[in-house]
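Reading through the structure tokens given below for one structure.
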Amino acid sequence: MSDDHVYLSLAEGHEDGDARWAFGTGFEDPLYGVSTAVPEDVDPADLAACCLALGDDALVTAQRLAEWTTRAPELEEEVALANIGLDLLGQARLLYARCGQVDGTGRGEDAYAYFRDADDFRSVRLAELPNGDFAFSMARLLVLSAWRLAHFERLAASRDPVLAAVAAKGVKELTYHRQYAAEWVVRLGDGTAESHRRMQAGLDRVMPYVGELFAAYDAAEAVLAVLRQVGEAATLSLPAVPEAAAGSGREGEHTEHLAVLLADLQSVARAHPEATW
Amino acid sequence: MSALQTGSTTAADGTPPDLARRFDDTIARDQRIEPRDWMPEGYRRTLIRQVAQHAHSEIIGMQPEGEWITRAPSLRRKAILFAKVQDEAGHGLYLYSAAETLGADRADLTERLIEGRQKYSSIFNYPTVSFADVGVIGWFVDGAAICNQVPLCRSSYGPYARAMVRICKEESFHQRQGYELLMTMMRGTDAQREMVQDAVNRWWWPSLMMFGPPDDSSPNSAQSMAWKIKRHSNDELRRRFVDMTVPQAEKLGVTLPDPELRWNEELGRHDFGTPDWDELMRVIKGDGPCNAERIERRRTAHEEGAWVREAAAAHAAKQADRKKNGAVA
Amino acid sequence: MSDTQAKKGGWPLYEVFVRGKRGLNHVHVGSLHAADDRMALTHARDLYTRRNEGVSIWVVRSEHIAASTRDEKDPFFDPSADKVYRHPTFYDIPDDVPHI
């Protein structure tokens, strides 16, 4: 038995290989065998709007997670944050693709990501806020993933088979994202005096944007239950949820941060509009 | 005599000869040394240095390409690059893990890196100025890394060899993604083709330097080869890389920036020019274009993450106390 | 060791074992650092199974592993069972290193 046997056995069953290398999770095509025809009782415009909004949330969140690369508090967290970012990037791509199939434009994923301006984006404003410190990033990830998980659990039963399949795959990913964020919020809240202070500040900064999420999809009960449970374990006080503040990313009303984020994200693609990559 | 041939330096330090002999025999039979085995201090020190430098290179190597994740010009390229840079963090961790089996401590190794007392590969001190650099790094730098690393899968130290098996498997994909990006760009616009050629011009010589100084000025190589920590000389690996890369360049339609590069029928390999060894020495000594900013980024991340790491440790300690007190009550 | 580590906020070392697929044993794949067991499992999942290499993971604090020596008669190791990894004993590394 060779010394490398351990690794050969680990790799068994993965010889099909070449396509597997660019992904943080799952190598199965979630849309395999799923019909792309829009069912008769589904309004294509509603479906497209839903896919676009959730795709934009995922892309903007993934972009913020990517900004942590080479800046994470520990190397193991580099790997973890990238896994979550890759999951969300994968969700964005599937949702944009579905949007292009049903909104009548036939656009591909990159048209949505690279060739729309900030006021065409439908992402919630919580996603676009700059990363801040690790505590804020974890508070935001907890809220966004708890909300998105509740939404995806519902969408897994969508009448559109494509959206249902995308959501079903996403539920598994988001369950992990929520768990990861929740564990960090607890550690930081119930860690040192400094981390407690930062974690409370992070949570306080996130809460004003929660109303916008609930207006987009009312998962208040599920999300607040998670926050109460996590907040208690983390010894944090949960700020009251304010009434939804004026303006909404879902209506294309964004903070100044989204345009800056997009200028970076789109810079190369827009400098070479004729290019193929 | 056989002890000398396997590089044993243990005779003078009072080591029982049977332990030294068994170590030498293990090496001679091409078997692996494992963490609990007796090993000469020189072997341990050399390995820690080599494995730590390798780990540091993976971690610092995240930076030049990491700059482009947020700007990658398609979502597919973004996912690929994100996953690749993530792999580099993973590879750094596999290697730190191997170093720790030798008694090193990752926190100490990190200190040494950010204080500039331990090195990493010189190649990562060059800037990435266009997205074509992402492709050329995959093609050249990962290609060179593969030349270096595939033989290390047979390194005499078990944990290092096993880490390398895993890393090599993942890196072959890295090289392919780089080459595929360049092929796509070469089929694109004139501006894209110019970007690719420009990146090739800038990265070719630094890539050749990745294999280290020429054999006649690489003082530690002979001992490392005797110990089978290293399996081929710097010059041999460099030649192998050139021979591997030239036909790939032709296929791609780019020119490698070396007027002396030509096929030598007689020797059955390529002749090529001499890298600027003075430049290599300057970069190694800390005077490359990006040395300071690379170390600074790593230092900042480490220092700004301290409160997070401390909080997690404090929380774990509280939890352990609660469990203990709960168990007592 | 644990004291200085806690002061620096350093996380202890864990060994990771992965079951590649049903029907196989868990095998040792490497180590990582984590503040607690839960985090160690999370990190192990992200680091050692991010290409779907595993169906089950074990993690254990390295200092809790007792190991035999290569040869129980080995005069350098007594008692005969000891900790696998004696980190963080650090070994000086000279600065005149050629790059890799």
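Residue numbers begin at 1 in each chain, while the letters A, B, ... track the order of the sequences.
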Exercise. If we only count heavy atoms from C-beta on, is the A:Arg71 to B:Arg297 side-chain gap below 4.5 Å?
Worked result: yes
Problem set entry | side-chain contact (heavy atoms from CB on, under 4.5 Å) assessment of A:Trp277 paired with B:Gln192 | CA-CA 9 Å; A:Trp277 306 96; B:Gln192 284 184 294; 3.6 Å; yes
Exercise. Is the shortest distance from a Lys or Arg side-chain nitrogen in B:Arg106 or A:Glu74 to a carboxylate oxygen in the other one below 4.0 Å?
Worked result: yes
For this session: Would you please name every residue forming a side chain to side chain contact (heavy atoms under 4.5 Å, CB included) with B:Gln248, sequence neighbours left out?
Result: B:Trp139, B:Gln175, B:Tyr179, B:Met244, B:Thr245
Exercise. Would B:Lys318 and A:Asp190 count as a side-chain contact (heavy atoms from CB on, under 4.5 Å) if you check the C-alpha gap in whole Å, the side-chain angles of each, and the deciding distance to 0.1 Å?
Worked result: CA-CA 8 Å; B:Lys318 284 185 194 178; A:Asp190 184 37; 3.2 Å; yes
For this session: Take B:Met62 and A:Glu78 through the side-chain contact (heavy atoms from CB on, under 4.5 Å) test and state the conclusion after the steps.
Result: CA-CA 10 Å; B:Met62 296 168 69; A:Glu78 293 277 354; 3.6 Å; yes
Problem set entry | Reported OG1-to-NE2 distance for the pair B:Thr189 and A:His272, which is rounded to 0.5 angstrom | 7.0 Å
Exercise. Is B:Arg309 reaching over with its side chain to a backbone N or O of A:Pro73, donor-acceptor style, under 3.5 angstrom?
Worked result: yes
Problem set entry | CD-CG distance between B:Glu310 and A:Leu188, expressed to the nearest 0.5 angstrom | 12.0 Å
For this session: Give a yes or no on whether the backbone of A:Ala82 and the side-chain of B:Gln86 come within a donor-acceptor separation of less than 3.5 Å.
Result: no
For this session: Any chance you could measure B:Ile69, atom CD1, to A:Asp264, atom CG, to the nearest 0.5 Å?
Result: 11.5 Å
Problem set entry | chain B neighbours within residues 107-115 of chain A, where any heavy atom lies under 4.5 Å away | A:Glu109, A:Asp110, A:Ala113, A:Tyr114
